[in-house]
Amino acid sequence: MLDRSRFPWVFLGLMSLPNALVAQAGVAERATRALADAGFANVAAVEEGARVVVTFENARFRDERRGLREAARLLAPEVEAGRTLVLVPTNRGVPLIAARYDGGRDADSGAPRPTGVTLDVSDLPPALASAPRASASYGRVDVVVHPWFEARFGDLEDAVESRTGVAPELRVALRPGLAFSAQALVTLEDELSTGESRVRPALVTLNQTARLPRNVFVSATAGTFTPDRYGVDLEGRAYFRNGRWSAGAELGLTGETSFAREGWSFSPVDEPTALVELAWRSARYDVTVRATAGAFLGDQRGARLDLFRQFGELEIGGFGFTSAEGSNGGVTLRVPLPFPRHARPAPLRLRAADAFPWQYRYVGLETSGRRYRTGSSLDDLGRRLTPDFVANDPEGR
Amino acid sequence: MTTRWRTLLSASALVLAVARPAPAQSLTGTTGLVTIPTARMADDRSLTVGAHLVDRRYHQSPYGDRTAVVEFATLGFLPFMEVGLRLTRVLDTPRQGLGDRMVSVRLRLLEEGPYTPAVAAGAHDLVGTRIYHATYVAASKEVAPVPGAGTVGLHLGYGGDWTPLDAEDHQFVGFFGGVSVSPRPWLTLLAEHDAERINAGVRLRLFRRVTLLGALQGRDGLSGGVGYTHPLR
């Protein structure tokens with residue numbers, strides 16, 4: 001027999017259902033709007049049960065960890081509503097890590113504190129990949145200005161001979177993982193007497209980066225590389241133990257190129273390079289040890305060992321290289337440039353580079369372990385967002 | 001004077017009396033006394049840069065016999081590892097390029113305990129001309145509070161020619177050691193024997209990050225300089 005006493009409750013339940021649906025859709029919408037309004041790019045959010053998963057690209061802050069903290073702070077009210085927030089920062093459209101927030105806060109700063117950070121993004125909602133992106137970065141042009149400095153030490157009469165300039169780079173993301181980059185070198189002062197043009201093209205590349213299952217990243221680049229190379233480069237890297245171990249390989253086929261007043265000149269693309277690497281990262285100290293071996297430019301077979309530590313955004317390290325032709329060593333630096341926040345994304349935006357990388361070689365002439373730079377290495381992709389590095393953030397603990 | 005103020009003053013005096021003086025760089029740029037290295041290490045994640053003027057009789061640079069300037073950067077790379085870079089240039093002397101470049105690496109083998117000293121091993125100037133080549137082991141023990149003296153540091157080391165590398169010269173060969181007395185955290189008196197001569201010095205720490213060092217090397221060499229320590233995140 002029908003129980004009519006239940007009808008009011010059923011009726012009220014049915015009346016509240018549209019509101020619940022609106023609230024569910026509103027959470028993802030609110031999260032997307034909050035990050036897009038703050039200047040993050042490629043923002044999408046999906047609510048799945050009690051979990052809100054938000055993907056975004058940090059286009060505002062020099063420090064990737066700060067970008068993550070800001071996103072967490074903006075979305076903290078959603079966590080406080082009893083939900084679990086999962087942030088998935090991306091770079092070049094490639095998801096890097098998943099940082100989970102369950103409502104914990106840092107005792108000193110009150111900032112949201114991640115309860116877990118993982119390299120594994122395999123359990124993200126399938127709808128996230130196809131969700132429309134707010135503040136999509138594709139087609140936007142960034143003009144990134146890099147400082148450029150080369151020096152030669154040791155001349156008895158002139159201790160420091162240097163060449164300084166700027167290297168503006170035009171960078172356009174075309175689609176997830178696909179980017180075009182064109183860079184010029186503008187020499188402001190040249191004591192090295194290289195005879196090169198004051199303004200000359202440098203990196204002109206098309207790069208496709210992708211993330212495969214099992215924490216494998218791959219990258220393919222074609223174009224002109226620095227210094228004075230052109231051709232194709234393929235790179236792959238697999239991460240293990242949540243980013244504490246990685247193994248990679250890089251294959252290249254390049255030739256020499258140069259640009260003078262008469263224009264470009266090219267040698268045949270017939271010089272292969274093949275390198276393998278193994279790296280270990282200390283979770284406690286933010287120290288990375290990396291061994292690289294194989295065929296460098298000039299068909300030189302050798303091995304290089306790098307040891308560097310991340311002191312926040314500053315990296316300091318050293319390296320040693322050995323081959324049949326001799327040995328070398330030196331210091332590596334990566335110094336953050338003094339612009340901690342970039343302008344809001346726009347169809348055309350001018351901004352400074354995030355950091356200035358520099359290497360000092362004890363033996364000046366680079367005859368050992370020569371490599372080219374594509375400007376899109378997998379090393380740059382997520383070095384500042386490895387899970388342990390995020391977990392060690394003193395402002396996010 | 002109220003009880004509260006008396007308590008505050010007493011506590012402050014106690015803190016000032018027993019607060020451990022921070023490690024600081026010797027004339028050579030490594031953490032130590034006047035010239036000798038000790039087992040104390042630069043604080044983890046600290047970067048110290050500075051410059052010292054070294055008396056012409058004691059800098060050992062082959063580029064000249066005038067006063068030399070030693071520019072250094074010392075990094076607490078890890079809690080147990082200190083790395084230093086140093087340039088030594090003789091003033092008013094042409095044709096020496098950058099000067100002598102030296103890299104030093106020091107490792108703490110044993111942390112200081114209530115009854116045991118800290119022990120460290122170090123190697124200086126492993127590549128290049130090796131004018132300042134040194135390999136050694138050092139031990140340091142600090143005692144505090146010592147009535148009237150504050151914190152007293154006892155430092156002893158032994159060095160030798162332990163590498164197969166050819167070197168133009170060696171430093172700290174044999175026993176070396178010294179004493180540091182810090183009646184205040186910002187003031188340290190230094191006395192040492194560097195395996196060749198006796199040296200003495202005074203070190204002042206200002207504003208927690210600036211260190212001034214004044215030294216008498218041998219009995220006739222005046223040296224000294226300044227260093228600045230910055231904590232890295």
Side-chain angles (χ1 to χ4, degrees), chain A residues 62-63 65-66 69 151-162 281-289 306-322 326-336 340 358 360-364 384 389-390 392-397, chain B residues 29 41-49 61-64 68-69 71-108 123-131 164-165 229-233:
Chain A
R62 179 190 69 203
D63 181 6
R65 290 195 303 187
R66 182 180 174 188
R69 284 199 305 273
R152 188 164 59 207
F153 304 110
D155 183 87
L156 293 181
E157 296 292 344
D158 192 355
V160 181
E161 298 168 285
S162 64
R281 192 179 187 285
S282 161
R284 184 174 178 185
Y285 296 120
D286 290 329
V287 166
T288 301
V289 182
D306 284 85
L307 168 70
F308 63 91
R309 187 176 186 186
Q310 291 169 284
F311 300 91
E313 297 177 74
L314 172 68
E315 285 183 17
I316 301 175
F319 73 93
F321 177 86
T322 187
S327 301
N328 203 351
V331 175
T332 58
L333 292 174
R334 187 182 175 90
V335 182
W358 195 65
Y360 168 77
R361 298 183 301 277
Y362 186 80
V363 178
R384 287 163 287 169
F389 190 55
V390 173
N392 289 343
D393 184 4
E395 295 188 42
R397 273 186 270 128
Chain B
M41 310 291 287
D43 289 338
D44 184 34
R45 292 177 173 266
S46 72
L47 176 66
T48 301
V49 295
S61 171
Y63 290 108
V69 59
E71 297 157 315
F72 62 89
T74 306
L75 174 66
F77 189 75
L78 289 167
F80 50 86
M81 182 177 181
E82 176 185 299
V83 179
L85 298 176
R86 180 177 118 189
L87 293 177
T88 304
R89 286 174 50 85
V90 180
L91 295 177
D92 299 325
T93 302
R95 294 187 59 78
Q96 60 178 318
L98 268 185
D100 185 81
R101 294 167 290 174
M102 188 193 94
V103 174
S104 64
V105 179
R106 286 149 42 76
L107 292 173
R108 184 173 61 215
H124 300 178
D125 213 1
L126 290 171
V127 294
T129 56
R130 304 192 190 97
I131 298 169
L165 303 170
T229 301
H230 185 78
L232 305 176
R233 274 186 57 201

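Here is the naming used below: chain letters follow the sequence lines, and residue numbers restart at 1 for every chain. FYI, side chains are in, hydrogens and waters are out, and symmetry mates aren't considered; it's all heavy atoms of this structure.
Inter-residue side-chain proximity for A/Phe311 and B/Leu47 is flagged as unmet; no heavy-atom pair is nearer than 4.5 Å.
Taking each heavy atom of A/Arg309 and B/Asp44 in turn, the nearest pair found is NH1-OD1, 2.6 Å.
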With side chain to side chain contact (heavy atoms under 4.5 Å, CB included) as the criterion, how do A/Tyr360 and B/Leu85 come out once you've worked through the C-alpha distance, each side chain's angles and the decisive distance to 0.1 Å? CA-CA 12 Å; A/Tyr360 168 77; B/Leu85 298 176; over 6 Å; no

A/Leu314/B/Arg45 under side chain to side chain contact (heavy atoms under 4.5 Å, CB included): CA gap, chis, key distance, verdict: CA-CA 11 Å; A/Leu314 172 68; B/Arg45 292 177 173 266; over 6 Å; no

Before giving the answer on side chain to side chain contact (heavy atoms under 4.5 Å, CB included), spell out for B/Leu232 and A/Ile316 the whole-Å C-alpha distance, their side-chain angles and the decisive distance to 0.1 Å. CA-CA 11 Å; B/Leu232 305 176; A/Ile316 301 175; 4.1 Å; yes

